[in-house]
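We name chains A, B, ... by the order of the sequence lines, and we start the count at 1 in each one.
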Amino acid sequence: MLQVSYIRNNKEEVVAGLKKRAWNDDRIKVLDQVIKVDDLRKEQKTELDQLFATVNTLSGKIGMLFKEGKREEAEAQKAEVSAVKERSKVIEEALKQTEHQLTELLYTIPNVPDAKVPAGASEDDNEVFQDWVKDMPNLPENALPHWDLMEKYNLVDFKMGVKITGAGFPLFRGKGAKLQRALINFFIDEAEAAGYEEIIPPLLVNEASGIGTGSLPDKEGQMYHAEKDNLYLIPTAEVPITNMYRGDILDPSVFPIKLSGFTPCFRREAGSYGSDVKGLNRVHQFDKIEIVQIQHPDHSMDTLGEMLEHVKMLLDKLELPYRILTLCGGDLTFASSLTYDFEVFSAAQEKWLEVSSVSNFKTFQSNRMKLRYKDANGKKHLAHTLNGSALALARIFAALLENNQTEDGIRIPEALRNYTRFDYIK
RNA sequence: GGAGGAGUGGCAGAGCUGGUUGAAUGCACCGGUCUUGAAAACCGGCGUGCGUGAAAGCGUACCGGGGGUUCGAAUCCCUCCUCCUCCGCCA
């Protein structure tokens with residue numbers, strides 16, 4: 001979430017940012033409301049502190065009087081304190097409500113888009129940052145979409161997933177399971193080679209972690225909730241991994257912190273329908289290797305570039321055609337300031353599938369989770385957090401099948417053969 | 001799941017028969033003196049949030065979280081969480 005001080009001091013910038021997200025003037029009024037509520041908060045805090053100070057002074061006096069044996073005087077003072085105490089209770093309650101109200105308001109305001117973000121209301125306004133200029137896969141006449149290929153070669157069993165769990169929970173089997181595991185290991189190894197520490201985090205997180213990365217309350221309905229224990233199934237490894245540093249005050253010498261984690265990801269995807277959900281295009285459970293960096297604000301943009309290069313390298317090695325989009329304001333996620341989406345061309349269904357999203361959240365997440373660093377003068381500042389998928393598996397799996405189908409079966413890209421230990425799926 | 005014990009500043013560890021205790025002491029860390037340099041020794045500093053202020057500072061809150069008793073709580077009470085020990089169960 002944004003800092004109130006930031007909204008106060010950079011209001012023009014925030015307004016311009018929200019407009020990029022296609023916010024109308026009416027919605028933007030929430031900024032004034034925030035400042036108003038914060039003014040009230042300060043007022044109440046000042047009064048409450050004064051009341052407490054009075055109580056403290058009087059209580060000290062009473063203590064002294066008791067020591068000196070002046071009981072009667074002490075009793076008289078007690079009555080006075082009680083009156084002040086009553087008033088402070090009222091103010092304290094009011095302050096609590098004001099603070100709550102302020103937080104609720106701040107939760108409704110998304111991150112300010114970076115200067116590079118184009119204005120726009122929907123995905124139609126995303127800009128192509130880097131297009132695919134080389135050849136597209138040359139598929140045979142009778143090329144099949146991945147859902148047919150999976151059935152033909154018995155790689156993924158959706159019916160079984162439905163039987164065991166429900167729609168959108170694919171069951172990988174045989175060579176399909178092996179290919180999936182090969183991809184996982186390939187991505188983990190590449191992340192390690194790029195200097196990321198490997199993390200295997202918990203798959204369930206508590207409420208504080210969900211709030212820290214902005215999954216709560218913004219995407220409440222997107223996550224599976226284990227209500228009995230008030231825990232949430234992670235929608236991405238970003239949540240547990242970034243929260244490792246929640247509340248920390250770091251020494252800048254630790255930057256950049258580079259972490260990667262492989263986890264299954266769980267998303268309810270309520271309201272999705274149509275051809276978008278066919279096959280592996282959109283599922284409730286998928287595997288993903290996430291890369292996370294925590295960085296000094298001065299270097300976070302360079303870091304974003306570095307993460308982009310990492311994802312490009314992975315796709316190059318997998319020989320998949322891809323393009324990179326700069327998300328427009330309207331398509332940008334709530335917490336992000338700048339996001340590049342990677343889309344892979346799945347040749348048989350002739351669709352671009354999003355396989356990675358690389359974002360700089362700047363201080364939006366770190367403000368929520370109070371992740372800071374101390375500069376040389378001992379001053380505390382919010383750190384920048386970044387993350388990206390490297391990569392999301394279900395869709396990569398789909399594109400690999402479609403793009404590499406031949407008369408002799410499905411060809412495995414060179415880079416994966418050490419992992420699959422087979423060259424073709426026949 | 002049952003029984004018991006414990007949670008204090010970066011760490012260790014006092015305080016816990018309620019009253020200048022934001023909190024002794026040691027270590028670590030930072031600055032200084034000394035030294036050719038280092039170590040040792042000595043001196044000083046060393047938490048976080050909020051409010052106020054140009055700043056220094058001042059005020060206030062925080063001793064696992066929340067609530068209560070009291071004029072006043074790290075200290076008493078309730079509740080939740082976490083950790084440790086023993087028993088049970090178990091991959």
From the options B/rU48, B/rG51, B/rG67, select the nucleotide whose nearest atom is closest to the side chain of A/Ile249. B/rU48

Suppose you measure atom C1' in B/rU25 against the same atom in B/rG13; what distance do you get, rounded to whole Å?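 Comparing C1' positions in B/rU25 and B/rG13 gives a spacing of 8 Å.
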
Taking atom types as modelled, is there a side-chain donor on [X] or [Y] under 3.5 Å from an acceptor on the other?
{"X": "A/Ser389", "Y": "A/Lys288", "value": "no"}
{"X": "A/Thr385", "Y": "A/Gln365", "value": "yes"}
{"X": "A/Glu238", "Y": "A/Thr213", "value": "no"}
{"X": "A/Glu92", "Y": "A/Gln44", "value": "no"}
{"X": "A/Ser337", "Y": "A/Asn360", "value": "no"}
{"X": "A/Asn230", "Y": "A/Glu207", "value": "yes"}

Atom pair distance, as rounded to whole Å: [atom1] in [X] and [atom2] in [N]:
{"X": "A/Gln50", "N": "B/rA61", "atom1": "CD", "atom2": "C1'", "result": "15 Å"}
{"X": "A/Leu48", "N": "B/rU60", "atom1": "CG", "atom2": "P", "result": "11 Å"}
{"X": "A/Glu43", "N": "B/rU60", "atom1": "CD", "atom2": "P", "result": "20 Å"}
{"X": "A/Glu47", "N": "B/rA61", "atom1": "CD", "atom2": "C1'", "result": "17 Å"}

May I ask you to verify if any side-chain N or O of [X] is less than 4.0 angstrom from the OP1 or OP2 atom of [N]?
{"X": "A/Lys374", "N": "B/rC46", "value": "no"}
{"X": "A/Lys380", "N": "B/rG49", "value": "yes"}
{"X": "A/Lys96", "N": "B/rG67", "value": "yes"}
{"X": "A/Arg41", "N": "B/rC50", "value": "no"}

Write down the protein N/O and nucleotide N/O pairs, taken from nucleotides 69-72 of chain B, whose separation is under 3.5 Å; answer none if there are no such pairs.
from: B/rC71; atom 1: O2'; to: A/Ser59; atom 2: OG; distance (Å): 3.1
from: B/rG72; atom 1: OP1; to: A/Lys85; atom 2: NZ; distance (Å): 2.5
from: B/rG72; atom 1: O4'; to: A/Ser59; atom 2: OG; distance (Å): 3.3

Please state whether the rings of A/Phe255 and A/Tyr373 are parallel, tilted or perpendicular, taking 30° and 60° as the class boundaries.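 Perpendicular, since the angle between the ring planes exceeds 60°.
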
Could you list the protein-to-nucleotides 21-24 of chain B atom pairs, N/O on both sides, closer than 3.5 Å?
none

A/Arg21 with A/Asp331: basic N within carboxylate O range, under 4.0 Å: no

Non-hydrogen atoms of A/Val156 and A/Pro170 that approach each other most closely: CG1-CB, 3.7 Å

